[in-house]
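Everything numeric in this text was worked out from a predicted model, so none of it was measured.
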There are 2 protein chains.
Amino acid sequence: MADSNRKKQILNGAARLFRKRGFTATSMRDIASELQIEAPSLYNHIKGKQEILQILLLELARSFTSGMEVIRNSTLTYEEQLEKLIRLHVDLTIKHPNGMALLTSDWVHLEEPAFSQYVSMRDEYELAFRNILIGAFKNDGKESVNVDLALFSILSTLRWLYTWVLKNPEINPVELEKEMIENLLSGIFNRS
Amino acid sequence: MADSNRKKQILNGAARLFRKRGFTATSMRDIASELQIEAPSLYNHIKGKQEILQILLLELARSFTSGMEVIRNSTLTYEEQLEKLIRLHVDLTIKHPNGMALLTSDWVHLEEPAFSQYVSMRDEYELAFRNILIGAFKNDGKESVNVDLALFSILSTLRWLYTWVLKNPEINPVELEKEMIENLLSGIFNRS
DNA sequence: GTCTATAAGAGGATAGAC
DNA sequence: GTCTATCCTCTTATAGAC
């Protein structure tokens, strides 16, 4: 339907502006101006600015959560699960580079109950990531490593990946997956 | 003097609030409330909200620039220079964790000419970092590596380090330096 | 579904008393 | 150096015409 299409335009435009200037510094007029309409027209498609943020953030967070579910329920080795996780991040980042920016900063502006929903999804995700990393370290005979610092380092790079993707729009997803896996895991594990 | 002291309190309080909620979402009333005074009183010590942002950001950026100058003018090997750079980041992050948060997000709200000053300082810094990394790779016989992706990965971790420091306030600087150097460089170079 | 007009409030900043 | 009072602008959101 036309409405659903318009809604997508609003969400995409808002995501781009939120990424560039932040949620608070972006006005409804700014968003409307992207679609060359007036601000009040937006309210025929969405309840308000907060709803835009919630849809963008929670839908993307759910993609990560469900991707994690598939991986942790698989029969892959821990190290293979790590590779799959990196692929998940690369793919979602290429699909939603603007949304990824919100995930790292504008989530603080979520109102309840969306805020608590987001934080608990994020915490559960990072805990599951941590468990897989611990498993991989054990299988590799590296129990002395500072797991949390390694996790922190990997997640930091994955969080910033959207800036890389935005700077290199012609990027090949498969190539980027390969390079990221090499970059993030080859220093940690003894790989072929 | 009392004034200079008050000014420092304002800058520290503002940095903390900017880090937590962002520059735009923090009001002058919020900052004043931290010091238990009223908003107009702030203007006896600073010109306005924008000046606070500029002082916080440009002073920290200058610390990085001058730290880089010392390192690149040294007679250390490239790999030793890399170690020194990581120490520089760790030390400045422990000293100014709130300021580091602004460096990664709120710089977009700088007005001219501060904006251009900041961007060119940042670009020159990253270029110098890149040159040192290239030199280290060459000395290590690794010319096939994707330098820019390695640089991106290292800088991403260093940028997020302030969250680690804020979560671990009792942290030992020397220990953290050691772990960060190991974490960031041992995967890339053949180290003892 | 988009518009104009407007309500209701928050924000940065200044004037002037003390 | 801090206060109260206030100005002016911007912001989110609604009402109601077309």
Discussion item. Test: ring-ring contact (aromatic ring centres under 6.0 Å, His included). Region: residues 138-157 of chain B. Which pairs qualify, not counting sequence neighbours?
Written reply: W164(A)-F152(B)
Response to the item:
By side-chain contact (heavy atoms from CB on, under 4.5 Å), N172(A) pairs with (sequence neighbours left out) V174(A), E175(A)
I need the [atom1]-[atom2] distance between [X] and [N], as an integer number of Å.
| X | N | atom1 | atom2 | value |
| --- | --- | --- | --- | --- |
| I46(B) | dT14(C) | CD1 | P | 10 Å |
| L42(B) | dG1(D) | CG | P | 13 Å |
| R21(B) | dA10(C) | CZ | C1' | 14 Å |
| E51(A) | dA13(D) | CD | P | 10 Å |
| K7(B) | dG1(D) | NZ | P | 12 Å |
| Q36(A) | dG1(C) | CD | P | 19 Å |
| N5(B) | dG1(D) | CG | P | 11 Å |
| I52(B) | dA13(C) | CD1 | P | 9 Å |

Response to the item:
Residues at least two apart in sequence or cross-chain that pass ring-ring contact (aromatic ring centres under 6.0 Å, His included) with F115(A), listed by chain then number, are W107(A)
Distances under 3.5 Å between protein N/O atoms and the N/O atoms of nucleotides 9-12 of chain D, please, pair by pair.
unit_1, atom_1, unit_2, atom_2, d
dT12(D), OP1, T26(A), O, 3.3
dT12(D), OP1, K49(A), NZ, 2.8
dT12(D), OP2, M28(A), N, 2.8

Practice prompt. Tell me which nucleotide among dC3(C), dG1(C), dG1(D) gets nearest to the side chain of H45(B).
Written response: dG1(D)
Fill in: Test item: Y78(A) and N131(A) side chains (from C-beta on) under 4.5 Å apart, heavy atoms
no
Worksheet item: Is there any salt bridge (Lys or Arg N to Asp or Glu O under 4.0 Å) pair reaching into residues 146-166 of chain B, and which pairs are they, with sequence neighbours excluded?
Response: E126(B)-R159(B), R130(B)-D148(B)
Item to complete: Just jot down the salt bridge (Lys or Arg N to Asp or Glu O under 4.0 Å) partners of E179(A), sequence neighbours excluded, or say none.
Response: none
Practice prompt. Tell me whether the OP1 or OP2 atom of dC3(D) has a side-chain N or O from S41(B) closer than 4.0 Å.
Written response: yes
